[in-house]
Novice: 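Okay, here's the structure, questions in a sec.
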2 protein chains.
Amino acid sequence: MATITDVAKKAGVSVATVSRVINNRGYLSANTKAKVQAAMDALHYQPNIAARNLHGKATHTVGVVLPDIINPFYAELFQTVEQQLFALHYQTMLCTTNGEPEKEKMYLRLMAANQVDGIISSTHNPDLADYQNPTVPTVAFDRVLSPTIPMVGSDNQAGGELIGQYVAQHQPRRCLILAGSQEDLAPLSPRIAGMRAALTAPIQVDQVALPFDQPAPVRNQLIRHQLAAHDYDAVLCTDDLTAITVCEFYSDGQRPLVTGFDGSKFIRQYYPGLTTVIQPLDDLCRLAIQLLRNSMTGNAEEVTTYQLPVTLHVGQKVE
Amino acid sequence: MATITDVAKKAGVSVATVSRVINNRGYLSANTKAKVQAAMDALHYQPNIAARNLHGKATHTVGVVLPDIINPFYAELFQTVEQQLFALHYQTMLCTTNGEPEKEKMYLRLMAANQVDGIISSTHNPDLADYQNPTVPTVAFDRVLSPTIPMVGSDNQAGGELIGQYVAQHQPRRCLILAGSQEDLAPLSPRIAGMRAALTAPIQVDQVALPFDQPAPVRNQLIRHQLAAHDYDAVLCTDDLTAITVCEFYSDGQRPLVTGFDGSKFIRQYYPGLTTVIQPLDDLCRLAIQLLRNSMTGNAEEVTTYQLPVTLHVGQKVE
DNA sequence: CTGAAAGCGCTAACAA
DNA sequence: TTGTTAGCGCTTTCAG
């Protein structure tokens, strides 16, 4: 790998001059610029990012912390930030925690060691000490990490109400709210609150929360048991994956009304029949990045939380 | 952010000593080790990775190049390598190309600039000049990138035969092979070859390839048209996502036998009814990493391709 | 407009 | 067992 010195030598100039043309800084004669360019091309020169980062300036890298990348919602979230950051010439460092606090902690260290300029986090461990007073600008995604960390998220309560109202229109006698995770974890609670607000008497509303830390078969078994024991006209899930799991327990004709939450493009394309709430991922990511950049430029406004409006997506009946 | 000098000062030793305890190298008195540890803890010291990388040694980073991260197969592929690499104390740099050769090229540069130790690539652009004689160890995943690059993949032909045989058992009169992408692109061709080998006369076999670069609606329209025009007893798709798209065009009772290919855990969990071929992701990733490491340690064996055995996954009927 | 030289944080000889 | 010192590749004053 050629270095800046090689280029300088080949072009017959000093390294400082090469640095200047790389960064397009200061005054250069068209002639030198051309010479240097030629040398760089000939040597397939690539500036060494490590050396560049060593100066304590910005590394132009943002860490993105996610529970996993298999859930289509997180996958789309990552894709969205990655594309937006890429357009801004930022590198994205993906950190998946698999729900292991240990791994999250290690990734937090790793991000520090890599001198990331900022962190966007959407995990379930608000109690990690490292989040208490973050050393780099951090924004939480749809989760409250700490009172000192701004958060961007959806208006989950409104989303819950949209779903609840939609279900209520079908005049169910009895329905189930199925939380994909312990309900005390944000953002589920507002979602459920919204649903309940819309499901007024005489609708009977049951509620079950799946243990977040159990493996899929255990969760499936719980769902199966709950569904078999009662006759529900509607099942309102707090996320799409739980919803499609529920759907599998019914044959097409006998299925009650099942709804999800999150509304990733993947789900809309491959489960077009599912009614769900669409989170405005594009806007959410744009806002998160904006907050990060404000904070990076020292433009520290006071810590706030943002709740962006959501939309109802009614599942298309398969003809 | 504290530096090694700060730690040395605080512990009353030289930076070399600190470096030694960080890397656990050479002989240290228990006493000094403890002093240094204490100083590091007190200062929340994190070694700066950029500085460390500057020495031209390994960066302990491998780049993973994928078309996207939305497709559950790629998501699981990423998750698998990431976990394996993490266990080996490697960082993973995810590069998603979105099918844009330009973006892939930029990421290839970025990886070089970051001095990655190796690259695992699973994209569709074998003609990128950068792959012709890679400057860092590279292995292709289920794709032939260049004659100079080793590749690990599944035994796609055998997988195609498994699927074909399974379909043949149902004695279809007419069936369709639906390629999710231009068929000249590996690894589709062997898959199709395997299917055809098993679908012998008198079975009538049609074949259609979807344009890879068209947006989803166009592809959907093509599928719809093809399915409506003929009466198929079976539709064999070259990947799972195409398969579930096909399923949507039929109501449950009238659906012909539809099969997929790839068999990610996601698909098996959320489309348990789909018959597909499971790629041995764990072994594939392990092998890819092993090849990379051999190549990194200069242990360059000759370039070879590996085809790992696949298994048939028969979809469970929903009871 | 261009060059010389210092220094970023860390590692690795080489000394002691 | 520990310290001194010379870089790694690049940016950035400060001189010319």
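Every heavy atom of this structure was used, including side-chain atoms; hydrogens, water molecules and symmetry mates were not. Each chain gets a letter, A, B and so on, in the order its sequence line appears, and its residues count up from 1.
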Novice: Can you tell me the distance, in whole Å, between the CZ atom of B/Arg25 and the P atom of C/dT11?
Specialist: 8 Å
Novice: For the helix from C/dC1-D/dG16 to C/dA16-D/dT1, figure out the bend between the end axes, five pairs an end, and round to 10 degrees.
Specialist: 40°
Novice: Can you sort out the partners of B/Lys103 under salt bridge (charged side-chain N to carboxylate O under 4.0 Å, His left out), two or more places apart, ordered by chain and number?
Specialist: A/Glu82
Novice: List in chain and number order the residues that pass side chain to side chain donor-acceptor pair (under 3.5 Å) with B/Asn71, two or more places apart in sequence or in another chain; answer none if no residue qualifies.
Specialist: none
Novice: Using a 3.5 Å cut-off and no angle test, enumerate the donor-acceptor pairs between side-chain atoms of residues 283-292 of chain B and protein atoms at least two apart in sequence or in another chain.
Specialist:
unit_1: B/Arg286; atom_1: NH2; unit_2: B/Asp282; atom_2: OD2; d: 2.6
unit_1: B/Gln290; atom_1: NE2; unit_2: B/Asn294; atom_2: OD1; d: 3.0

Novice: Could you state the CD1-C1' distance from A/Ile4 to C/dA5, rounded to the nearest angstrom?
Specialist: 14 Å
Novice: If you measure only the distance, is there a donor-acceptor pair under 3.5 Å linking the side chains of B/Asp117 and B/Thr59?
Specialist: yes
Novice: Taking any atom closer than 4.0 angstrom to a non-hydrogen atom of chain B, what span of DNA chain D does the protein reach, first nucleotide to last?
Specialist: D/dT1 to D/dG9
Novice: Can you tell me how the ring of A/Tyr107 sits relative to the ring of B/Phe86, calling it parallel under 30°, perpendicular over 60° and tilted otherwise?
Specialist: tilted
Novice: Whole angstroms only, please: what is the CE-C1' distance between B/Met40 and C/dG9?
Specialist: 15 Å
Novice: Side chains of residues 9-19 of chain A: which donor-acceptor pairs under 3.5 Å do they make with residues two or more places apart or in other chains?
Specialist:
unit_1: A/Ser14; atom_1: OG; unit_2: A/Ala16; atom_2: N; d: 3.4
unit_1: A/Ser14; atom_1: OG; unit_2: A/Thr17; atom_2: N; d: 3.3
unit_1: A/Ser14; atom_1: OG; unit_2: A/Thr17; atom_2: OG1; d: 3.2
unit_1: A/Ser19; atom_1: OG; unit_2: A/Asn23; atom_2: ND2; d: 3.4

Novice: Under 3.5 Å, which N/O atoms of the protein pair with N/O atoms of nucleotides 1-3 of chain C?
Specialist:
unit_1: C/dT2; atom_1: OP1; unit_2: A/Ser29; atom_2: OG; d: 3.1
unit_1: C/dT2; atom_1: OP1; unit_2: A/Thr32; atom_2: OG1; d: 2.5
unit_1: C/dT2; atom_1: OP2; unit_2: A/Ser29; atom_2: N; d: 3.0
unit_1: C/dT2; atom_1: OP2; unit_2: A/Thr32; atom_2: OG1; d: 2.9
unit_1: C/dG3; atom_1: OP2; unit_2: A/Ser14; atom_2: N; d: 3.0
unit_1: C/dG3; atom_1: OP2; unit_2: A/Ser14; atom_2: OG; d: 3.2
unit_1: C/dG3; atom_1: OP2; unit_2: A/Thr17; atom_2: OG1; d: 2.5
unit_1: C/dG3; atom_1: N7; unit_2: A/Arg20; atom_2: NH1; d: 3.4
unit_1: C/dG3; atom_1: O6; unit_2: A/Arg20; atom_2: NH2; d: 2.3

Novice: Using side-chain heavy atoms (C-beta onward) and a distance below 4.5 Å, is B/Leu108 in contact with B/Tyr131?
Specialist: yes
Novice: Could you note down all residue pairs passing ring pair (Phe, Tyr, Trp, His ring centres under 6.0 Å) where residues 14-73 of chain A supplies at least one of them, sequence neighbours left out?
Specialist: A/His60-A/Tyr90
Novice: Taking only heavy atoms on the protein side, list every residue of residues 43-55 of chain B lying under 4.0 Å from any atom of DNA chain D, sorted numerically.
Specialist: B/Leu54, B/His55
Novice: Hey, can you pull the donor-acceptor pairs under 3.5 Å for the side chains in residues 28-38 of chain A, sequence neighbours left out?
Specialist:
unit_1: A/Ser29; atom_1: OG; unit_2: A/Thr32; atom_2: N; d: 3.1
unit_1: A/Ser29; atom_1: OG; unit_2: A/Thr32; atom_2: OG1; d: 2.3
unit_1: A/Thr32; atom_1: OG1; unit_2: A/Ser29; atom_2: O; d: 3.1

Novice: Would you say the ring centers of B/Phe78 and A/Phe78 fall short of 6.0 Å from each other?
Specialist: no
Novice: Give A/Ser19 one of three labels, base, sugar-phosphate or nothing, depending on what nucleic acid heavy atoms sit under 4.0 Å from its own.
Specialist: base
Novice: Taking side chain to side chain donor-acceptor pair (under 3.5 Å) as the definition, give me every residue that meets it alongside A/Thr61, ordered by chain and number, with sequence neighbours left out.
Specialist: none
Novice: Counting only heavy atoms not in A/Met106, do more than 12 sit closer than 6.0 Å to its CE atom?
Specialist: no
Novice: With sequence neighbours left out, write down each residue that passes side chain to side chain donor-acceptor pair (under 3.5 Å) with B/Gln91, or none if nothing qualifies.
Specialist: A/Asn114
